[in-house]
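These notes concern the structure reproduced below.
Below, all heavy atoms of this structure are taken into account, side chains as well, without hydrogens, waters or symmetry copies. Chain A is the first sequence line, chain B the second, and so forth, proteins listed ahead of strands; every chain is numbered from 1.
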2 protein chains.
Amino acid sequence: MFASPALVYFEAMIRTLEWTDDGIVMIDQRLLPSEEAYLTFKTAEEVADAIRNMVVRGAPAIGVAAAMGIALGVQQIPSKDDVEQRFADICAEIQNTRPTARNLFWAVERMKKAFEKNRGKSLEEMKSALKNEAQQIYCEDIEINRRLGEQGQTLLGPQQTVLTHCNAGALATAGYGTALGVIRAAVAKGKKIHVFADETRPFLQGSRLTAWEMVQENIPCTLITDNMAGHFMKSGAIQAVIVGADRIARNGDTANKIGTYSVAVLAREHGIPFYVAAPLSTIDLETPSGEFIPIEERSRAEVTEILGKPVAPASVEVANPAFDVTPARLITAIITEAGIARPDYRETLPRLF
Amino acid sequence: MFASPALVYFEAMIRTLEWTDDGIVMIDQRLLPSEEAYLTFKTAEEVADAIRNMVVRGAPAIGVAAAMGIALGVQQIPSKDDVEQRFADICAEIQNTRPTARNLFWAVERMKKAFEKNRGKSLEEMKSALKNEAQQIYCEDIEINRRLGEQGQTLLGPQQTVLTHCNAGALATAGYGTALGVIRAAVAKGKKIHVFADETRPFLQGSRLTAWEMVQENIPCTLITDNMAGHFMKSGAIQAVIVGADRIARNGDTANKIGTYSVAVLAREHGIPFYVAAPLSTIDLETPSGEFIPIEERSRAEVTEILGKPVAPASVEVANPAFDVTPARLITAIITEAGIARPDYRETLPRLF
């Protein structure tokens with residue numbers, strides 16, 4: 001299942017999701033860091049709910065979960081007669097969970113291609129082929145993050161403090177991480193990296209997940225609330241910003257966790273480089289610019305309640321866009337497994353494929 | 001006790017703090033909006049703790065609480081022989097609570113002047129004079145906010161959406177509010193104002209206090225997390241920003257709740273006017289610029305726990321500056337009870353006094 005011993009090492013530390021004989025096992029990211037609990041999902045519908053309810057989150061991890069969910073659904077098709085309709089239903093169920101992350105749609109497309117390729121085969125062969133494809137996506141994701149990290153770490157000096165927003169770490173991927181993969185790779189090279197982690201309201205991926213990952217690996221990490229980023233940039237504490245991405249349009253406009261845009265404006269104001277780290281599967285060449293990226297609006301309770309306790313009057317109006325779009329002009333470079341793209345992204349991004 | 005029926009009206013709605021025969025009664029701002037509980041503080045030391053622990057917060061309200069705390073302490077001095085030393089001790093105790101808010105030091109100075117003026121009088125006359133001075137500061141604060149609101153509302157159009165950060169409302173003052181006083185005055189003039197309230201981590205003054213005040217008065221209010229402000233500015237939803245202040249330096253640099261600086265940078269990026277609303281007692285002509293304003297660092301638990309529940313790994317490092325400094329160049333105007341100052345503030349601010 002693992003592509004190399006190095007990957008086994010990283011997986012042993014933080015196991016985001018895994019295919020097992022009992023179903024798809026995921027760490028419940030809603031409970032971290034207070035509880036390290038693993039849930040097992042036994043049907044495609046259950047996997048769809050896990051994506052929708054953010055048991056698993058982060059664009060690359062959603063992509064892997066989607067592929068595994070489809071493969072799991074296919075295992076449960078009883079006869080070849082049903083296979084076309086059932087496969088279409090499973091894909092629709094998985095795809096109809098979250099609208100923004102490109103990797104979800106990318107993974108569904110890839111599973112559909114694998115299905116096409118194996119259409120003539122027996123049901124058992126089909127099941128085996130789709131299970132293997134999902135496993136392949138899983139393993140590739142870790143390898144891709146390693147290559148991406150290797151590329152990205154060249155952008156960091158020997159001793160730097162790097163701000164990150166949300167969690168683009170092992171927990172947002174099959175393992176290793178994108179933005180945190182760059183940091184891990186820099187640390188592995190002996191660079192002294194200090195991470196500033198935005199807590200990332202409302203879901204607190206920074207305090208709950210990024211801080212947890214950094215503590216696990218003894219990478220120095222200072223947790224701040226989102227509204228402190230500007231203050232610390234002004235004070236000179238931050239030398240670079242690295243974030244992940246949920247979808248990158250053809251022109252480089254990048255949808256990522258709400259608050260990323262504000263961080264990018266602040267980075268520009270202070271002359272701090274702002275890097276996006278994402279696999280090619282996050283880049284959507286079909287979407288010309290950020291205005292065409294659908295932005296998910298999530299429930300008001302994410303804002304008005306924290307850990308189930310109310311923090312606002314019950315009747316107040318709430319807005320809760322889960323993502324925002326950072327325009328390409330604020331992005332210093334986009335780090336991928338295939339290389340580092342710089343503006344003009346309309347030229348440099350297609351060249352990576 | 002109240003200067004006009006209008007003030008009684010506002011006080012009847014939201015009672016931040018009050019001098020009573022039993023002691024100083026304050027609404028416990030740590031429990032809002034879930035609980036509307038009032039605490040009674042019976043000594044100057046207890047009032048000092050209430051300021052330190054943020055039972056009461058907001059620079060003008062801290063000033064009023066400080067004056068009342070000193071007056072309360074003076075009531076309990078047993079003999080004229082002790083009065084000099086006891087008064088000095090009481091002032092030191094009250095002053096040594098929070099370092100940033102100018103109004104705290106302003107109120108202590110004013111109580112010291114009242115003490116000087118009444119030094120020759122009997123102990124009973126002294127007690128009465130200092131009690132009256134504290135009451136006077138209380139009443140003046142509400143009147144000042146009303147005048148400030150009247151000035152500030154002229155800056156708002158007939159139909160606008162205004163972003164505010166933290167709580168500069170009735171709860172941050174003796175009543176009516178500074179930034180929210182401007183909004184109340186605009187609404188009273190028949191203007192259609194929609195408030196966007198940053199939740200304001202870590203203490204959640206926006207979601208817990210500003211949203212609560214707006215809901216009480218049926219002023220339309222949309223609650224957002226701090227990191228959403230940039231997104232809604234980019235979308236065109238916000239036409240103005242109004243915030244309060246904890247200390248304004250002679251050159252216009254303004255210390256206010258952490259996150260204010262980021263909002264100011266974002267407002268500038270989007271061509272949105274950024275207004276600071278504060279009484280003259282917040283302006284510190286002795287402090288030449290923002291770099292000389294002491295910034296309070298508060299406990300790590302405010303960031304790592306929300307409502308007593310952990311949201312981050314126990315061992316992560318934390319930074320928790322309670323304030324940041326917005327440079328004068330980002331401030332469109334400073335609204336006071338004596339008029340609206342515009343740059344160059346080194347010239348316009350002293351003229352207000």
Side-chain angles (χ1 to χ4, degrees), chain A residues 33-34 165 196-202 204 206-208 211-212 214-216 220-232 234 237 257-266 268-269 295 300 303-304 306-321 323-325 327, chain B residues 33-34 165 196-202 204 206-208 211-212 214-216 220-232 234 237 257-266 268-269 295 300 303-304 306-321 323-325 327:
Chain A
S34 299
H165 186 72
F196 264 59
D198 280 352
E199 69 172 5
T200 319
R201 280 279 288 147
L204 296 168
S207 50
R208 298 193 303 100
W212 183 75
M214 295 296 93
V215 163
Q216 298 268 313
C221 177
T222 299
L223 174 64
I224 60 173
T225 60
D226 299 306
N227 56 22
M228 292 175 190
H231 172 71
F232 284 106
K234 182 152 75 90
K257 181 51 52 194
I258 187 73
T260 302
Y261 170 62
S262 293
V263 173
V265 169
L266 289 163
R268 174 60 53 94
E269 170 81 7
I295 298 295
R300 54 175 282 120
V303 175
T304 60
I306 301 179
L307 303 177
K309 280 187 169 183
V311 293
S315 60
V316 71
E317 290 171 41
V318 171
N320 187 14
F323 306 95
D324 59 25
V325 174
Chain B
S34 299
H165 187 73
F196 264 59
D198 279 352
E199 69 171 6
T200 318
R201 280 280 289 149
L204 296 169
S207 51
R208 297 192 305 100
W212 183 75
M214 295 296 94
V215 164
Q216 299 269 312
C221 178
T222 299
L223 174 64
I224 60 173
T225 61
D226 299 306
N227 56 22
M228 292 176 191
H231 172 72
F232 284 107
K234 182 153 75 90
K257 180 51 53 194
I258 187 73
T260 302
Y261 169 63
S262 293
V263 173
V265 169
L266 289 164
R268 174 59 53 94
E269 169 82 5
I295 298 296
R300 54 176 280 120
V303 175
T304 59
I306 301 180
L307 303 177
K309 281 186 168 183
V311 292
S315 60
V316 71
E317 289 172 40
V318 171
N320 187 14
F323 306 95
D324 58 26
V325 173

Exercise. Heavy-atom distance under 4.5 Å to chain B: side chain of A:Asn320, backbone, both or neither?
Worked result: both
Problem set entry | When B:Gly259, B:Ser207, B:Ala314 are compared by non-hydrogen pairs under 4.5 Å with chain A, the top option | B:Ser207
Exercise. Minimum heavy-atom separation for A:Ser34 to B:Pro310, with atom names?
Worked result: OG-O, 3.7 Å
Problem set entry | Greatest number of heavy atom pairs closer than 4.5 Å to chain A - which of B:Lys309, B:Met228, B:Arg300, B:Arg208 | B:Met228
Exercise. Chain B heavy atoms under 4.5 Å from A:Asp324: which part of the residue, side chain, backbone, both or neither?
Worked result: both
For this session: Assess whether side-chain contact (heavy atoms from CB on, under 4.5 Å) is satisfied between A:Val265 and B:Lys234, documenting all intermediate values.
Result: CA-CA 11 Å; A:Val265 169; B:Lys234 182 153 75 90; over 6 Å; no
Exercise. Considering only heavy atoms, which portion of A:Pro313 lies under 4.5 Å from any heavy atom of chain B: side chain, backbone, both, or neither?
Worked result: both
Problem set entry | For the student: nearest non-hydrogen atoms of A:His231 and B:Pro321, plus distance | CD2-CG, 3.8 Å
Exercise. Is it the backbone or the side chain of A:Val263 that comes under 4.5 Å from a heavy atom of chain B, or both, or neither?
Worked result: neither
Seminar exercise, completed: Checked A:Ile224, A:Thr260, A:Ile295, A:Leu266 vs chain B; the most non-hydrogen pairs under 4.5 Å come from A:Leu266
Problem set entry | Nearest-0.5 Å distance that lies between atom CD in A:Glu269 and atom OH in B:Tyr261 | 5.0 Å
For this session: Go through B:Val316, B:Ile258, B:Val318 and name the one with the most non-hydrogen pairs under 4.5 angstrom from chain A.
Result: B:Ile258
Problem set entry | From A:Leu307 atom CG to B:Ile306 atom CD1, the distance as rounded to the nearest 0.5 Å | 6.5 Å
Seminar exercise, completed: Most heavy-atom pairs under 4.5 Å with chain B, out of A:Asp226, A:Thr200, A:Asp198, belong to A:Asp226
Exercise. Rounded to the nearest 0.5 Å, how far does CZ of A:Arg201 lie from CG of B:Leu204?
Worked result: 6.5 Å
Exercise. Where does B:Val303 contact chain A at under 4.5 Å (heavy atoms): side chain, backbone, both or neither?
Worked result: both
Exercise. What part of A:Phe323 lies closer than 4.5 angstrom to a heavy atom of chain B: side chain, backbone, both or neither?
Worked result: backbone
Exercise. Looking at A:Ala312, A:Gly206, A:Ala197, which has the largest count of heavy-atom pairs under 4.5 Å with chain B?
Worked result: A:Ala312
Exercise. Is there a donor-acceptor contact under 3.5 Å from the side chain of B:Thr222 to the main chain of A:Ala319?
Worked result: no
Problem set entry | A:Asn227 vs B:Ser262 side-chain heavy atoms within contact, under 4.5 Å | no
